[in-house]
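Please read all numbers here as calculations on a predicted model, not as lab measurements.
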There are 2 protein chains.
Amino acid sequence: MPETEAPRGTPTIREVADAAGVSRATVSRAFSRPELLKPSTVEHVQAIAGRLGYTPNVAARALSTGRYATLALVVPDIANPFFPPLVRGAQQAADQAGYCVFLGDSDESPAREDVLLGRFAGQVEGIVSASSRLAAQVVRRHADRRPVVLVNRDIKGIPRVLIDTASGITAAVAHLAELGHRRIAYVSGPQTSWSNQQRRRAIQRASSASGLELVTVAARRPTYDSGVARVLDLLASGVTGVVAFDDVVAQGILAGLATAGVSVPDQLSVIGCDDVVAATTSPPLTTVSARTDEAGRFAVELLLRVLGSSDVRDARYVLDTRLIVRATTGPAAKIASRSANRTTSGGGRAMQAGRKIFGS
Amino acid sequence: MPETEAPRGTPTIREVADAAGVSRATVSRAFSRPELLKPSTVEHVQAIAGRLGYTPNVAARALSTGRYATLALVVPDIANPFFPPLVRGAQQAADQAGYCVFLGDSDESPAREDVLLGRFAGQVEGIVSASSRLAAQVVRRHADRRPVVLVNRDIKGIPRVLIDTASGITAAVAHLAELGHRRIAYVSGPQTSWSNQQRRRAIQRASSASGLELVTVAARRPTYDSGVARVLDLLASGVTGVVAFDDVVAQGILAGLATAGVSVPDQLSVIGCDDVVAATTSPPLTTVSARTDEAGRFAVELLLRVLGSSDVRDARYVLDTRLIVRATTGPAAKIASRSANRTTSGGGRAMQAGRKIFGS
DNA sequence: TCCGTGCACGCAACCGGTTGCAGGCCCTGG
DNA sequence: CCAGGGCCTGCAACCGGTTGCGTGCACGGA
């Protein structure tokens, strides 16, 4: 008895077609290519569809067109405050274009990242991989299957958006040199991180250019605790200024220093990177600012452009950075050491409101 | 001339079938229901498929089975540090089950959340909505189309995971009362937030139970800047203790107080909520701890259970919370007010390391 | 030797849209 | 009045797996 057709949860194109008295093709066109139809027909079909609560089935559409209207975003650690703004920016850009975004968290593991990219490749139009920890060759293999856009990873032939912290780092070193520092430290991040390599190189170059001695301390994972744990090494190293891989590490260092009774910036100057929590530390952190939200947005827009016309092959966007001087940098310690730490905040420097901006 | 078949980018089931000398059905079964096939056949097909680099097309599979192997997670603001750990937990749980997760950021807007849920409904098996700002009726409408699990939103009939901050808040108020505070403030969060309502109610109840006067100050958006902006109101209100909607607001308050030269906890005690940045503030923030990562994980596991057997209708998981006393709470100000702010950190209380834990 | 039984696999319809192609209709120009 | 040309719309194949049903075959029992 096929007389009573059970109406599914959500109606299909056929039911709309029947209700509207047209063919399925017409319903389809009413949604995807309305300019091919008589305006009155479009209106009629849309009305019926609206009444029935019809929504095109994305799987069916994806199957026949290959357009998924989705893309994937892979990050090493969503809990690292560097990434949420980036995710947000990417999200908004994708949204405007009607795309949905998958999120993947590789947990800083290249192996997991590889798995994620492979899994996503089958169900998205393109992938944005931020701060990829993968070997270049592996990234290329994935990029070979699906369009990939990188953020903060510089691989020739793959479209990429780079936050050029080198300029900001250079300004940071100059800032320290100007304040009379002679011996400084770089607390490094993940070894497979392009950003880390870039920053390390920039600081080496800038230090030797300014005649500063440079000590490197490895933090590996860029976490708060990792920053805290580096403090003893830092104090033992006899430096008067520190540049940290990122703000999170810098924040950990600040906390460690506070616990150790070392006053910032009187006894030690600290500079962060990314400006991601910098305004909320105490004292407010001098840092290298990067518009991470823009990086996310750009990456998605670039990806969409690649999807549109595949001749954008070797794009390479560079976002510049600036040094933002807040309150964790001051004159080198030998100068400050004659006085104790009388004034903790705002002492000796006329720079609390109105942030001063250096940089390229 | 149909002799030269262009091999597509990724091979289809037909090509594998041809290469293996079996039917498409057999290839399909080799992947989805191998127990129906002779072991040698399975092995053979898998080998061929592996060599060709075959991957089942998810869109095609989704179309014929209705199983998408995806789910969506919607949050009001990924940049709010409350959510990244939750996202992470959700992500991991989904991953273990072979699901990919869409992320949506509603930007605290009910309208956008509505759009997101609608868009996701068509392409996922289920949805986790965290801290939904939607009207209950609207949520129900969505839940009617697709299984929905809520986090921190209590709607009867819809499976939900709740972080019971009431218990922690109650302990917080008791803690303040014990320290001699008589008049305290609650800095509230988003009005449509269930958590905010829950916290406000808990603090009202606890205050009157302890005989404390309660003042409420509205922060609306739970941001750092919003916290900073509430400081003048707080100082004008004549309270000696403050409970903030969340850690982010509390952090802003701390910063605002520092700028205003008010010492914490000597002149004013501050308590946060969620324990999400609390360990990184200065002084370290006394707060109500919630395992947000577990909430995310639970929500996904619950969703998967709903998908498995749809008889879990009215599940309601409650995660308890605890008060973690760090360094922003101390004796009521009238005691401290006789002396100015001589000792900024660690004065008057023997409680820096070894955190004390109260709670349900 | 013949038939019943069950395993392993193929056939073909189906999921729900999309799109090249063809055909009907109407309008215009000769 | 007829031919030609557009404009709309329908037909039907197709995207790539999945799955109910049926069949061929081997094997065991009578």
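When atom types are taken as modelled, the side chain of A:Ser28 and the backbone of A:Arg24 share no donor-acceptor pair closer than 3.5 angstrom. At distances below 3.5 Å, at least one donor-acceptor pair connects side-chain atoms of B:Arg146 with backbone N or O atoms of B:Val124. Distance alone, capped at 3.5 Å, places no donor-acceptor pair between the B:Arg133 side chain and the B:Glu108 backbone.
For B:Tyr99, the ring-ring contact (aromatic ring centres under 6.0 Å, His included) test picks out no residue, with sequence neighbours left out. Listed by chain and residue number, B:Leu71, B:Leu73, B:Gln91, B:Ala94 satisfy the side chain to side chain contact (heavy atoms under 4.5 Å, CB included) test with B:Val101 (two or more places apart in sequence, or in another chain).
For A:Arg61, counting side-chain heavy atoms from C-beta on, the closest listed nucleotide (C:dT18, D:dG17, C:dG16) is C:dT18.
Scanning all heavy atoms of the two residues, the minimum distance from A:Glu125 to A:Ala69 falls at OE2-N, 2.6 Å.
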Exercise. For every nucleotide of nucleotides 6-11 of chain C, 5' to 3': is a protein heavy atom under 4.0 Å from its base (B), only from its sugar-phosphate (S), or from neither (-)?
Worked result: --SSBB

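Counting only residues at least two apart or in different chains, salt bridge (charged side-chain N to carboxylate O under 4.0 Å, His left out) contacts with residues 61-88 of chain A comprise A:Asp77-A:Arg221, A:Asp77-B:Arg88, A:Arg88-B:Asp77, A:Arg88-B:Asp105, A:Arg88-B:Asp107.
To the nearest angstrom, C1' of C:dT19 lies 14 Å from CG of A:Leu63. A:Glu15 places its CD atom 11 Å from the P atom of C:dC15, with the value rounded to the nearest Å. Atom pair A:Ile13:CD1 and C:dC14:C1' shows a separation of 16 Å (rounding to whole Å applied). Atom CZ of A:Phe31 and atom P of C:dG17 are 9 Å apart (whole Å).
Put simply, B:Ser28 has a side-chain N or O that comes within less than 4.0 Å of OP1 or OP2 on D:dT18. In this model, the phosphate group of C:dG17 is not approached by any side-chain N or O of A:Arg14 to a distance below 4.0 Å at OP1 or OP2.
Interatomic distance, OG of A:Ser109 versus CG of A:Leu134, reported as 9.0 Å (0.5 Å rounding). The OG atom of A:Ser131 lies 5.0 Å from the CG atom of A:Asn152; values are rounded to the nearest 0.5 Å.
Salt bridge absent: B:Arg305 and B:Glu301 never bring a charged side-chain N and a carboxylate O closer than 4.0 Å. Salt bridge annotation for B:Arg119-B:Asp114: absent, with no cationic side-chain nitrogen under 4.0 angstrom from a carboxylate oxygen.
With axes fitted over five pairs at each extremity, the angle between the ends of the helix from C:dT1-D:dA30 to C:dG30-D:dC1 is 60° (10° resolution).
The stretch residues 48-57 of chain A comes close to DNA chain C through A:Tyr54, A:Thr55, A:Pro56, A:Asn57, each having a heavy atom under 4.0 Å from the strand.
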